[in-house]
Amino acid sequence: MGEKMKCAPPLSKETGVLDVKPLRTLSPMFPASLGLNAVSPPASWPFVFVTPHGSFTSGNEVLFPSNFCSLYPSFCPNGMDKKSIKSSQVKKTNGSVHDGAGKNGNGPSHDTVLAPCPLRAMPVITVLSDNDEDLLLNDGLSTSDVKIEQPVPLGSCPVGGGEIEGSDMKKPKRKRFKKAQDPELMMLPSSSYDARESVEAILMTFDALRRRLLQLEEVKDVNKRSVTKAGTIMMDHDLRANNVKRIGHVPGIEVGDLFYFRIEMCLVGLHAQSVSGIDYMTARFGDEDDPVAVAVVSAGGYENDDEDADVLIYTGQGGSGKNDKKQIDDQKLERGNLALERSLHRGNEIRVIRTAKDVSSPGSKIYIYDGLYKINKSWVEKAKSGFNVFKYKLVREPGQPDGIVTWKMIERWRKDPSLRGKVILPDMSSGDEKLPVCLVNDVDDEKGPSHFTYTTKLHVSSSISKTLHGCMCHNVCLPGDANCSCVLLNGGDLPYTSNGLLVSHKPLIYECGTSCQCTPSCRNRLTQNGITHRFEVFRTKDRGWGLRSWDPIRAGAFICEYTGEVIDKGREDEDGENEYIFQPTNTDDNAFSWNYIPELLGEPSHPDSSDTIKPLQIIISAKNMGNISRFMNHSCSPNVFWQAVQRDNGDEGYPHIVFFAIRHIPPMTELTYDYGPCGDEIVKEDVPNSDRSRRPKKCLCKSPKCRGVFR
DNA sequence: GCGAGTTCATATAA
DNA sequence: CTTATATGAACTCG
């Protein structure tokens, strides 16, 4: 796309000189999207990826592009050849015992040379059972206490520097599922946090790709296949995690994790079947091989709703007609049914994925990982059709975090909000929001936050210019409409999908405003129409009040706007310490790593980087008036990011600040965003008076990537 | 607005 | 390498 950024390099206010920000190595927004955590790659080198481990098999020489080191000196350690850096050694230690934690100096340290590698060969965390699998399977039949995660050997990493593939790229050979016994795969462990990071990065990349494909499909009249297309692209590029089937816990995946498509569970190794409900593998028990089930997807939704949430009655597969779901034959004891039967005898753990209806998009389902179960008994039943079906009773293993129980609990609250309990205020907004926002305290005796006025509006001082743009669309703005001035302002596309998801993070998004002709139902008015999730402000254990949602929040979904009063620079702390300040930081180029990778679609890489982004002047104080966003806490591993949206005035330094979900967020998970790094200048130099309110505070986010302090 | 039916997909085991 | 299988996903129709 030939979109041109109109932003000039920023002028420093004090000197009037070009204000060139030094490149930062902090990753304020996204811990590691595909390993791009340390730097954003230069546009001319789009296919550079950095493994979160920094470990490569010995003998693999990885080459930097010629300009790489000059652009990112922090990446190229002194004394190393600029063009060719031999990565740190990875010992292949067949059979040796690892502690599996990586925290005791066993894993790669942060000083390890991070060597970039072409995308196709991006090392994906792959998880193995211990090489002594026989022992594990017989000893309690659980691998859940063994966490050995490894990057796959970079066999396909081309030596000689990554050739950039364009749209004419050949279909790469897809890697098959690996056998857990393969000694090739026995390598050093790394921390389980790396696995989490990898899983999140894979899911983020998939969904960004999917949203972009959806956006393209709306304009061109092509086959509507964004989900499968995005999935195929991910698979073809080996952008996946846990590509080794295993019994029990899958590293990087936690009970309660959400998925919107079956392919998402394939990509992260939770459930390898794209359609079938029973995932199984042949495992070795002593000197016998036996097929056992490793994961099942319960597609039945809540049909056994009143039953014990820890029990699942699962029906076997097979016996149904070709294009028909009806039984036309007895089920046979083969494939998945056989595996489930063997699992009953072997007593192995089986991952269970339950489904719920997605209320925000009727007809589609949400998949919820509900943890490990074991089969308790099995029997054959005559179905309504008169044919035999297999039934299996699965019972949840004790001691796991809540999964589907939380969903069922919220379902009850929704019908009768009094069941929520510990409610201080049923609606903090007193009806101003479209949905009530309750204030709850499950933790201590605090009766609520100090007084403020709830407002859903941004209160702007009159000095801000009000020149408005406006489109002439009659009903609603349509994707690809070259006559819509709002589409053009947004670079040729509507920024949101038809179901209200942000496609890509942008320096600035132009929504339709008061001078646009389109109706309020125009999709380009997403964030001005108010909240769409049922939120609660709750008491945290150690960080005051926080924000979370009863509803699941999908990646890219609009959460809320930062409302309050726009204040002049230098007046942030006029009446003492002000913890309710929003001030945009211009150092978050990592926000753009949330976006899809253009090269995967054969598009040129986008020039969205810090030097094209005009810094925003706006400072918002929510001290005296504000909404739910004033309760959102800081995290160094956030699940929410902010986005500037132009809507009702012409001054691009004073946009609205709105929040979107980075990834799928399960119900009752605290929402957090990154308040931005402490500028070095603030930490090192004396804090000027005008910056007293921005004094660095000790961070309690507990993220492994925690920077220790925030503003 | 829904449920049934249709079409076109896909990852994996065998 | 090919083929059969499956509690898919998105759409159309009544």
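These figures come from a predicted structure and were not determined experimentally. Below, all heavy atoms of this structure are taken into account, side chains as well, without hydrogens, waters or symmetry copies. Per chain, numbering begins at 1; letters A, B, ... match sequence-line order.
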So does A:D551 pair up with A:R414, basic N to acidic O under 4.0 Å? yes
Does OP1 or OP2 of B:dA13 have a side-chain N or O of A:K245 closer than 4.0 Å? yes
Classify the nucleic acid contact of A:G336 as base, sugar-phosphate or nothing, counting any heavy atom under 4.0 Å across all strands shown. nothing
Please report whether the ring centroid of A:W594 lies less than 6.0 Å from that of A:F641. yes
Let me know, please, whether A:S364 or A:Q273 comes out on the 5' side of the other along DNA chain C by nearest nucleotide. A:Q273
Ionic contact status for A:D493 with A:R212, cut-off 4.0 Å: yes
Would you indicate what A:Y314 reaches in the nucleic acid, counting non-hydrogen atoms under 4.0 angstrom: base, sugar-phosphate, or nothing? nothing
Answer with base, sugar-phosphate or nothing: what part of the nucleic acid does A:G319 contact at a heavy-atom distance below 4.0 Å? nothing
Is the distance from OP1 or OP2 of B:dA11 to the nearest side-chain N or O of A:Y280 less than 4.0 Å? no
From CZ of A:F261 across to C1' of B:dA11 the rounded distance in Å is 17 Å
I want to verify a distance call: between C:dG8, B:dT10, C:dT5, whose nearest atom is closest to the A:T232 side chain? B:dT10
Are OP1 or OP2 of B:dT10 and a side-chain N or O of A:T228 less than 4.0 angstrom apart? no
A:H664 and A:Y260 aromatic centres sub-6.0 Å: yes
